Each structure stands twice: as structure tokens, then as C-alpha cells.
Amino acid sequence: MTYDILITGLIIIAQILAVVVPVLISVAFLVYAERKVLALIQLRRGPNMVGPFGILQSFADALKLITKENIIPSGSNKIVFILAPIITMVLSLAGWAVIPFAPGWVVSDINVGIMYLFAVSSLGVYGIIMAGWASNSQYPFLGALRSAAQMVSYEVSIGFVIITVLLCVGSLNLSKIVLAQQTVWFAIPLLPMFIIFFISALAETNRLPFDLPEDESTLVAGFFTEYSSASFVLFFLGEYASMILMSSMTVILFLGGWLPPFDVYPLNVVPGVIWFTVKVIFILFLFIWVRGTFPRYRYDQLMRLGWKVFLPFSLFWVVATSGFLVYFDMLPN
Amino acid sequence: MIIYSLTFYLFSSVAVLSALMVISAKNPVHSVLFLILSFVNASGLFVLLGAEFLAMILVVVYVGAVAVLFLFVVMMLDINFVKLREGFLQYLPFGALLGIVLVIELGILFLTDRSSNIYNNQTPLQPIVNEVENTKMIGQILYTEYFYLFQICGIILLVAMIGSITLTLRDKGGVKRQNIVSQNTVDASTAIEKKKVKIGEGI
């Protein structure tokens, strides 16, 4: 009896490691890829010294950062200050529990998978708010306030985009959402929603052009100004891991998850996990591309875009989609 | 089953302890953070009951949105908590009375409602995927049986929303706003005015 529990526990831990370790490694390569792509956009060479083509650069950076001294400001609220990066990191990894990489390749295939992802991504704001408040310093505090307002605003439109997709699927289970796209990926009939979701994902992960919470030209480094060494690494890893998480969410909702683009011979023998990875890399490339080409939004413009453009439009699209589905009797089951 | 009870005791004890910390923590921001911890644990309890939709809604609505704004306000306001605590003993009898009434009501519920039999309810640790999803069940009941009540809830929320907007909306004069449409439609003929200035006279 107890032996069984032990075995089940070990299997669960092995499954978690099988997801978390590749995610952390891909974070390292994502950082490298970002620096290389940005360098290409700006006609530079990028990192090219550590390892062949500089491929080990992020590992060197991580080692350097971790071996440095961890400074905790004397005026800070120490427990919250230390908890904040840990929460950021844990939340960016927790979402991976429900991501289906291929048919059946999922740690926990729960009914409300998409709600879980939405909940976890909306909790991400706490790491930032806690960091900004616990630092007891002006720049981090401003960064935290900006982040709180920004993430709450963009969650609203993300919620409506998810509702539109769910109307077409009839289930909150992520595997069923992917399987519902066998005839056509949702990116095609719901193209405007795909674009809104992508832009909101940029805002939700605090990426350029919406990186107002860290905004180095006005706030030094925003919410993590006071962080150093390992706690800084945790924020950094957390940001990139949640970037990959949001890309996977985009792929699952709009680009057919593990499904090949066409269900024909040479394409459908490729394993699903490879299609999934290729699509996630494509979305991540878009993230980096946007970062390299767009200027940062001003804060009031960011709020205006969220509340006055995306919210009414996505609300309208929810009504239009449900009207269309009801009128043509295409509602799922 | 042993894992089920262990997780139940973990979630419930952390929920109760953090709820205690909400009212006893000195720092208001810590109070809000403990409130969030308590919410998250309550949602864990919902998951154990097999009510996964309610659990997620609790996290999304209360933790993801309401508590963020709560934290926002508590962080921004400069509240003097020593002053706030002065009336503690004065309000204690009233608070205790409310608590006792609640406990008695809960007790009556436990003593009378034997049919629900919550102690022998063998809920599985993880909701089974093949069952009718409780999202669907909630929808089927909410939009048929309780349709009018649901609509009334919506109207109450709408009234509250309009009320809070009218209370806070003030049109201060002299605020410069960006009109993006007019900015984008500017061209040389409307933006630049040519004038012939005579020497020694100015405009």
C-alpha cells in the first residue's frame, strides 16, 4: 500500500521533471536566440565567444549571476522581498502542468485546463507587486503599480478571446481544444482574436512594447531594480518561462497545438511534439521581432489600447461569434 | 485516500491559519497577502470536492483581479494602523456576537442536515475527465432554472458599476487629452501656416 504511494509519487516527480527541465533549458536558449535575433535586426554579431557561435552564453551569464553576492536592502521587507522572485518563478512553471505537448503527453489532463492557465497567468502579477512593494524604493514601486494596472486590464481582453475560442470548442480541456482544430486552425476563422491575443500576451508578460513595469529609460529597471544575483536570475527565468508558456497557450488556442498544418502523408508522420515545438518557436520569434522593431508605448496609450480598443472589439467578437454559431446551428454538441 | 485526507488537512489548516493572520497581522499589506493565500487554499479545497470550475473562478476573479486592486489600494493609502486599532476592544463584543451567531447557524446546519452525509463522501482526488464536466452542469442550471436570478445579479452589478463611475468621474477643466484621430489626420495644410512677415514689424 505505502509502496504503491511511493511509486506513484516517484512517477509524478519524474513527470514534473520531464516538463520543467526542458523548459528551463529552452529558457537558456531563448535568451541566446533573443540576443542573436536582436543583433541581426540591429546589424550586430551578438554573443559569439562562449562555446561555438556563443551558444553557451546564457549558461555563463547564469553562473556569473548566481555566484555574485545577493544584496537585500536594509529598508526592505525581507520576507516578502525574498518570496517575490520565488513566486514569479514557481507560477511561470506551474502553468506547464496542463500543457499538452502531443496526444496524451500532459502531466495533468484536467477539465478546466484553459481556466487553470488563465488563473496561473493572472497570478503572475503578484510576484511583481510584491517585489515592487517590498523593495521600499520609488522606482520598483512605480513599476509594480504600472504592472498591476496593466496586467489586470489586458486579462479582461484575454478572457474574452478565450471565451470566443471556447464557444467554438465546447470544452475547457486543452486537448479537446487542440482536437477541435483538426479541420481548420482557429487562427484562420478567428484571425482578429488571434492578433488581439498575441498583443495581450505581450502585455501580460511585460514584454516590449508594453514593458512599462521595467522601462529602463524612466524607471532604471522597474520592479527588479533592487534585486541582484540569484533572486534576479529567478525573475529573469520567470519572465522567459512565462513567455514560452504564453506562446504555448497561443499555439494551443489558435495554431492547432500538436496538429500538422495539413493531414497529408509526409506531414502527419512527424511526431506531434515537433510540430508543437516548431509553432512555439515561431511565436517566440514574433515576440523577439516585436521587441526589436517597435518603440515602447506611453502608459496612457497602453491603457487606451487595452480598455478602449481591445475590450469593446473582443466583446463584439464574442457576441458575433456566438450569433454566427447559433444562426448556422454550428454550436458544438 | 490517505493522500486525499492529507491534502485536505494541508489546504484547510493553511486556509484557517492564514485567515487568522489576515486579522492579526500588523502590516496591512501582509494582511492582504495572507488573504490571497487563504483564497488559494479555499480553491484547493474546491478542487478536492471535484468543483474544479468554482476553484478556478475563485482564483481568476478573487485572486487575479479583486485582490490585486485591493493590494493596489492598501499599498497606495497611507493608513495609520495604530489609530485604526484603538477601537479594537470597543468593537470586540459586536464582532464576537456575529461570530457566535455564525457558529450556531453552522452547528444547526450540521445537526439537521444528515442526508448530505459529508463524512462518507468518497470524492476522488482528481476529477475524472469522462464525467459530465461541472462547467457544463453549472451552465445548464444557471441559464435555465435560475435564469431570472442570474439576470437580476447582472443588473445589480451594472447598477453598482454605474454608481461607482458616477461617484468618481469628475471632469476637471484644463486637462490636456490626446485625440489620436485628429493627430493622425493632420497634414501640412492644417499644421503649418505660412505668413509673410514684414521686416521690423513682427506678426
Side-chain angles (χ1 to χ4, degrees), chain A residues 1-2 4-5 8-9 12 77 79-80 83-84 87 106 108-126 128-130 132-134 141 144-153 155-156 158-159 162 166 170-173 175-176 298 300-301 304-305 308-309 333, chain B residues 1-4 6 25-30 32-34 36-37 39-40 43 46-47 50-76 125-139 175-180 183:
Chain A
M1 178 59 196
T2 47
D4 280 353
I5 290 173
T8 335
I12 291 172
N77 196 310
I79 297 171
V80 181
L83 267 179
I87 287 179
V106 49
S108 175
D109 196 20
I110 56 174
N111 280 335
V112 285
I114 191 71
M115 289 282 293
Y116 174 81
L117 267 185
F118 187 55
V120 167
S121 69
S122 68
L123 287 185
V125 67
Y126 282 110
I128 295 173
I129 296 189
M130 283 165 74
W133 176 77
F141 190 60
L145 291 183
R146 284 182 178 187
S147 165
Q150 169 179 339
M151 287 173 91
V152 169
S153 325
E155 251 157 42
V156 182
I158 286 190
I162 290 176
L166 293 181
S171 170
L172 275 72
N173 183 304
S175 305
K176 283 183 188 157
R298 213 173 55 210
D300 62 312
Q301 293 171 331
R304 179 182 166 274
L305 185 71
K308 291 190 176 170
V309 181
N333 51 54
Chain B
M1 268 311 105
I2 189 163
I3 296 179
Y4 175 77
L6 276 180
K26 285 235 163 60
N27 193 323
V29 175
H30 289 177
V32 179
L33 291 175
F34 276 115
I36 293 158
L37 186 63
F39 278 146
V40 172
S43 105
F46 271 130
V47 171
E52 72 264 11
F53 184 74
L54 270 182
M56 293 305 146
I57 282 288
L58 185 71
V59 174
V60 169
V61 174
Y62 282 94
V63 183
V66 175
V68 172
L69 298 178
F70 217 66
L71 199 59
F72 201 96
V73 172
V74 170
M75 271 167 30
M76 296 279 281
L125 183 58
Q126 211 171 12
I128 304 157
V129 178
N130 297 332
E131 280 178 15
V132 181
E133 295 168 19
N134 61 39
T135 317
K136 209 166 270 178
M137 281 153 65
I138 288 174
V175 178
K176 285 183 179 166
R177 290 185 200 282
Q178 184 182 25
N179 188 343
I180 292 189
Q183 259 184 12

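A quick note: this is a predicted structure, and the numbers were derived from the prediction, not measured. The chains referred to below are lettered A, B, ... by the order of the sequence lines, with proteins before strands, and numbering in each begins at 1. Below, each value reflects all heavy atoms present in this structure, side chains not excepted, and no hydrogens, waters or symmetry copies.
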B/Ile180 side chain reached by A/Arg304 side chain, heavy atoms, under 4.5 Å: yes
Measure A/Leu123 against the heavy atoms of chain B and call it side chain, backbone, both or neither at under 4.5 Å. side chain
Pick from B/Val68, B/Ile57, B/Val59, B/Val61 with the largest number of heavy-atom pairs that fall under 4.5 Å of chain A: B/Val68
What is the minimum heavy-atom distance between B/Phe72 and A/Ala149, and which atoms define it? CE1-N, 4.1 Å
Nearest heavy-atom approach of A/Ser122 to B/Gly64 is OG-CA, 3.8 Å
Among A/Glu155, A/Met151, A/Arg298, A/Met130, which residue has the highest count of heavy-atom pairs closer than 4.5 Å to chain B? A/Arg298
A/Val120 portion near chain B, given a 4.5 angstrom heavy-atom threshold: neither
Where is the tightest heavy-atom contact between A/Met115 and B/Val60, given as atom of each residue plus distance? O-CG2, 4.2 Å
Which residues share a side-chain contact (heavy atoms from CB on, under 4.5 Å) with B/Val29, sequence neighbours left out: A/Trp133, B/Asn27, B/Leu33, B/Leu71, B/Val74, B/Met75
Any donor-acceptor pair under 3.5 Å linking the side chain of A/Tyr126 with the backbone of B/Val63? yes
For the interface with chain B, which of A/Val125, A/Val156, A/Val152, A/Leu172 has the highest count of heavy-atom pairs at distances below 4.5 Å? A/Leu172
Kindly check if the number of other-residue, nucleotide or ligand heavy atoms within 6.0 Å of CZ (B/Phe70) is above 12? no
Does the side chain of B/His30 reach to within under 4.5 Å of the side chain of A/Asn77, using non-hydrogen atoms? yes
Inspect the surroundings of CD1 in A/Ile79 and state if more than 12 heavy atoms from other residues, nucleotides or ligands are less than 6.0 Å away. no
Of all residues at least two apart in sequence or in a different chain, which pass the ring pair (Phe, Tyr, Trp, His ring centres under 6.0 Å) check with B/Phe39? B/Tyr62
Where does B/Ala67 contact chain A at under 4.5 Å (heavy atoms): side chain, backbone, both or neither? both
